Number of protein chains: 2
Amino acid sequence: MSTAKETAGGEMPPWAEVTPDAARRLLVAAVEAFAERGYHATTTRDIAGRAGMSPAALYIHFKTKEELLHRISRIGHERALDVLRTAARGEGNATERLADAVSSFVRWHAGARTTARVVQYELDSLGPAARAEIIALRRQVDAEVRGIIEDGVASGEFDVPDVRGTTLAVLSLCIDVARWFNVNGTRTPDEVGALYADLVLRMVGASK
Amino acid sequence: MSTAKETAGGEMPPWAEVTPDAARRLLVAAVEAFAERGYHATTTRDIAGRAGMSPAALYIHFKTKEELLHRISRIGHERALDVLRTAARGEGNATERLADAVSSFVRWHAGARTTARVVQYELDSLGPAARAEIIALRRQVDAEVRGIIEDGVASGEFDVPDVRGTTLAVLSLCIDVARWFNVNGTRTPDEVGALYADLVLRMVGASK
DNA sequence: ACGCAGGCTAAGCGCTCGCTCAGGCGGCGA
DNA sequence: TCGCCGCCTGAGCGAGCGCTTAGCCTGCGT
């Protein structure tokens, strides 16, 4: 049911794929620091300090500070795309799949908010090559949502005059969750996911 | 009709209230630089350079780099709030006022995108005192939208189970326009405003 | 005619940044 | 037993940062 679990302290994306252990600790420290203060305001000394290491240790595992952001961004986008695809390509009609996709995607942005903030808002601190790679992943996210909406229009479930514009708005709504979530602590990721799924079904004119 | 006009090169908020002329040129240069690269990645030398001055000139008109961001943020928020209020407190029923408020607010975020980006995304580069002042302005924005939705529920025009959550989502949708607008250049601010007004009316269950 | 105040610049201070380098420590294969 | 290799540190380099200071123009009141 819930693909993401979270405890008070942190989130749980499978940074497991990052090895060795010290590199993973540095990367997790970087995610926290970037999310709190932004990429440019974060120092390599701060990242290394959070991981309990000296500043020089960072450069054994990563060539530059930007490589850290690049790896975080790529893994984060892949994770988000994976969450979205699982829901979008599941069983059910377009209405059910759209509700599932939105609530999963929102749950990820709320539950893994720290990662999501870095993924969504530090994009243009990357160099041109890395940014282009990430933008390609984003287009896949867009295509996934647009596909469901097109299915719903074709089957007559949805009433959507502007498919591209509506797709944009739906994604925009989900992504912005990373900006405001948890500022006050009311509402769980599940609750926000359910609310947003309902709002999005209304936006596409689903009969409910 | 259109409260904001824009030309190819720039936007038009009334930075007129900033004097003397040199201070205004510096402030406009800072808006552009902050929007392009972010507050922390922008140097005082860059700002002064864009305004055609030496780095030292900045400190005749502003005590610190942060004071620049503070003034931009305050004026920008006041302007956005003003745009929203004009629509929200106009004539008409809740449906008309909500459509008007959303399309005006979105038009501002799209048309004055450079300013809006700084206003919406550089908030926590401010110190605690300045940030608190800005957050108070944001609460007024929230109250304005919530007021319309409550009116619509009371009059039976809207069907909204979760007023606070829906208000949050509506504002979130509008604000995020500043993040993605103009990346490709299709769609004018007016078109996005109209599209979003329609989508929001669907979200609140207005009969249209 | 002249002083002076506001607007500006060239130079640079003290600091911290991203990143490097020489070397130390510890575990593991031979 | 010992040499090697992966991981890590202390010290520090060159650069660029935000911001200051001393002093120079220019226009305006008198």
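Sequence lines set the chain letters: A, B, ... in the order given, protein chains first and strands last, and positions in each chain run from 1. This is a predicted model, so every value here is computed, not measured.
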Item to complete: Tell me which nucleotide among D:dC19, D:dC17, C:dG18 gets nearest to the side chain of B:T43.
Response: D:dC17
Worksheet item: Counting side-chain heavy atoms from CB outward, which of D:dC8, C:dC8, D:dC7 is closest to B:A22?
Response: C:dC8
Practice prompt. Examine the side chains of A:Q120 and A:H109 and answer whether a donor and an acceptor come within less than 3.5 Å of each other.
Written response: yes
Discussion item. Side chain of A:P20, heavy atoms from C-beta onward: which of D:dC7, C:dC19, D:dC19 has the nearest atom to it?
Written reply: D:dC7
Response to the item:
Picking from D:dC19, D:dC8, C:dT20, the nucleotide nearest the side-chain atoms of A:A56 would be C:dT20
Worksheet item: Is B:S54 touching bases, backbone alone, or none of the nucleic acid, heavy atoms closer than 4.0 Å?
Response: base
Worksheet item: OP1, OP2 of C:dC8 versus side-chain N and O of B:H61: anything below 4.0 Å?
Response: yes
Practice prompt. Confirm from the modelled atom types if B:R45 and D:dG16 form a donor-acceptor pair under 3.5 Å, side chain to base only.
Written response: no
Discussion item. Are the side chains of A:L81 and A:H77 in contact, using a 4.5 Å heavy-atom criterion?
Written reply: no
Worksheet item: Is the count of non-hydrogen atoms from other residues, nucleotides or ligands lying under 6.0 Å from B:E17 atom CD greater than 12?
Response: yes
Worksheet entry | Minimum-distance nucleotide to A:I60 side chain [options: C:dT20, D:dC7, D:dT21] | D:dC7
Discussion item. Would A:K65 and A:F34 count as a cation-pi pair here, with the cationic atom under 6.0 angstrom from the ring centre and within 45° of the axis?
Written reply: no
Worksheet item: Between A:H40 and A:E122, does a side-chain hydrogen bond (donor to acceptor under 3.5 Å, both in side chains) hold up when you go through it step by step?
Response: CA-CA 9 Å; A:H40 287 296; A:E122 302 296 337; over 6 Å; no
Practice prompt. Report the distance from atom CG of B:D46 to atom P of D:dC19, rounded to the nearest whole Å.
Written response: 15 Å
Worksheet entry | Salt bridge flag under 4.0 Å for residues B:R37 and A:D124 | no
Item to complete: Under the salt bridge (Lys or Arg N to Asp or Glu O under 4.0 Å) rule, what do B:R179 and B:D176 come out as? Steps first, then yes or no, please.
Response: CA-CA 5 Å; B:R179 184 179 56 87; B:D176 199 56; 2.7 Å; yes
Item to complete: Would you kindly give the CG-to-P distance between A:L26 and D:dC8, to the nearest whole Å?
Response: 8 Å
Worksheet item: Reckon A:Y59 has a side-chain N or O less than 4.0 Å from the OP1 or OP2 of C:dC19?
Response: yes
Enumerate the protein-to-nucleotides 4-6 of chain C contacts in which both atoms are nitrogen or oxygen and the separation is below 3.5 Å.
none

